[in-house]
Amino acid sequence: MEILNDLPDEQFLDLDAFLSILSIYEDRTRTRRLQRHLRTMIQPDWVVVEAGAGLGHMTAYLAKRVKRVYAVEENALACRYLHYRFGNHPRVRVICSTIESWVPPEPVDLLFQELYGPLLYDESLGALERLQFKPRRVFPDGGALEVGLLDSRTLNDPVVKPDLVPLLNGALVADLVPGARFRPIGRVCTWHWPQGLHCQEVNLSGHPGDLVVFRLVVLHEGQVICRAEECPNWPLVFTYRAGDRFRLNFTYRDAYSRVELEWR
Ligand SMILES: C[S@@+](CC[C@H](N)C(=O)[O-])C[C@H]1O[C@@H](n2cnc3c(N)ncnc32)[C@H](O)[C@@H]1O
């Protein structure tokens, strides 16, 4: 979805982010897997905080099964929608705020979050290291960013030809070759709550290929919940191989992380 007319900057940014929230719900695999895991863990007397409630589909699921749900959402339009949807709900409190600047009025049994970006930490996971409260549990509590290599000569893609790939130098491009098959050669970063993010320099020497591929894996207690593409909400990410060693650096600002690709 794309906004095609000029709008004031603030309205554009809010609406653009809101439209990207809508597209999440096309990924039924993601929602099904999250619900399947939640079902096995939640208890009827729990207080649950949903960090980033979006349109409230998971909020509604949780509200049928626990004592109280705090649906915390920073996007103004999504939050307006949550108010329409849950305004009079006896078990849901809608909170229009970033999760990191809000303090719950009671102890929290579970924080449910889905703040993963296609590069693991490039959206809002960083918020969870900045919480002003300590939930008893977080679900999901982990993730990893895998890396692999492809040889563009073997892709047989009608558009992404080998002489086009170097033009991507320095850019991290989502969805360049949907469905690309590759074997991961390692992990660039891992994230675990409450410890946070750990990234390392990657050494590609000895591995052939001119196209670097990144794949997100969402984990809970070490078990895979979703992999990018298998859950289409998260695309694979590609870049041109500009050397043998690189790292990804993330900086957190205004509720989101920015990512920088550094070749060495
Ligand atoms: C991927 S959506 C998940 C929506 C919902 N939890 C679900 O699973 O269906 C992430 C949501 O988190 C919100 N969000 C992102 N960063 C946030 C933050 N720091 N505090 C509160 N909400 C945030 C986004 O606006 C978006 O609605």
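Not measured: the values here are computed from a predicted model. Order of listing sets the numbers, starting from 1, for every ligand and every atom in it. Count residues from 1 along the sequence.
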### Task
Could you name each residue pair satisfying disulfide bond (SG atoms under 2.5 Å apart) that touches residues 21-119, not counting sequence neighbours?
Cys79-Cys96
### Query
Which of the listed options, Glu100, Gln35, Arg30, holds the heavy atom that is closest to atom 19 (N) of ligand 1?
Glu100
### Heavy-atom gap His57 to ligand 1 smaller than 4.0 Å
no
### Query
Looking only at non-hydrogen atoms, which of Ser124, Ala60, Ser101 approaches atom 16 (N) of ligand 1 most closely?
Ser124
### Task
Check each heavy atom of Thr31 against ligand 1 and say whether those closer than 4.0 Å belong to the side chain, the backbone, both or neither.
neither
### Message
Please determine whether the number of non-hydrogen atoms from other residues, nucleotides or ligands lying under 6.0 Å from atom CD of Gln132 exceeds 12.
### Response
yes
### Message
For residues 251-264, which residue pairs pass the salt bridge (charged side-chain N to carboxylate O under 4.0 Å, His left out) check, not counting sequence neighbours?
### Response
Glu201-Arg264, Glu262-Arg264
### Task
Decide whether the shortest distance between a heavy atom of Tyr25 and an atom of ligand 1 is less than 4.0 Å.
yes
### Query
For Ala242 and Asn169, which heavy atoms make the closest approach, and how far apart are they?
CB-OD1, 3.4 Å
### Query
Which atoms from ligand 1 have a heavy atom of Ile24 less than 4.0 Å away?
1 (C), 2 (S)
### Message
Tell me whether the count of non-hydrogen atoms from other residues, nucleotides or ligands lying under 6.0 Å of CG in Asp45 goes above 12.
### Response
yes
### Message
Looking at Asn5, I'd like to know if its CG atom is crowded, meaning that more than 12 non-hydrogen atoms belonging to other residues, nucleotides or ligands lie closer than 6.0 Å.
### Response
yes
### Message
Counting only nitrogen or oxygen atoms and a 3.5 angstrom limit, does Glu114 reach ligand 1?
### Response
no
### Message
Counting only nitrogen or oxygen atoms and a 3.5 angstrom limit, does Ile99 reach ligand 1?
### Response
yes
### Summary
atom 23 (C) of ligand 1: of Glu123, Met58, Glu74, the nearest heavy atom sits on Glu74
### Heavy-atom gap Tyr256 to ligand 1 smaller than 4.0 Å
yes
### Query
Which atoms of ligand 1 sit under 4.0 Å from any heavy atom of Gly54?
4 (C), 27 (O)
### Query
Could you go step by step and tell me if Arg85 and His57 meet the side-chain hydrogen bond (donor to acceptor under 3.5 Å, both in side chains) rule?
CA-CA 10 Å; Arg85 189 165 177 188; His57 293 1; 2.8 Å; yes
#### Entry: Plane angle bin for Tyr70 and Trp102 - parallel if under 30°, tilted between 30 and 60°, otherwise perpendicular
tilted
### Message
Would Gly52 count as being in polar contact with ligand 1, using the rule that some N or O on each side must be under 3.5 angstrom apart?
### Response
yes
### Glu230 bridged to Arg33 by N-O distance under 4.0 Å
yes
### Message
Run the salt bridge (Lys or Arg N to Asp or Glu O under 4.0 Å) test on Asp163 and Lys161 for me, step by step, so that the C-alpha distance in whole Å, both residues' side-chain angles and the decisive distance to 0.1 Å come before the verdict.
### Response
CA-CA 6 Å; Asp163 53 356; Lys161 302 283 187 197; over 6 Å; no
### Message
Are there over 12 heavy-atom neighbours, none belonging to Arg130, within less than 6.0 Å of that residue's CZ?
### Response
yes
### Query
For ligand 1, which atoms sit closer than 4.0 Å to a heavy atom of Ser97?
21 (C)
### Query
To the nearest 0.1 Å, how far is atom 27 (O) of ligand 1 from its closest protein heavy atom, and which atom is that?
Glu73 OE1, 2.7 Å
### Query
For ligand 1, does Ala78 get within less than 4.0 Å through its side chain, its backbone, both, or neither, judged by non-hydrogen atoms?
neither
### Query
Does Gly56 have a non-hydrogen atom less than 4.0 Å from ligand 1?
no
#### Entry: Element-labelled atoms of ligand 1 that are located less than 4.0 Å from some non-hydrogen atom of Ala127
19 (N)
#### Entry: Heteroatom distance test (Thr98, ligand 1): nitrogen or oxygen, under 3.5 angstrom
no
### Task
Identify whether the distance between the nearest side-chain nitrogen and carboxylate oxygen of Asp210 and Arg241 falls below 4.0 Å.
no
### Query
Does ligand 1 have an atom under 4.0 Å from some heavy atom of Ala17?
no
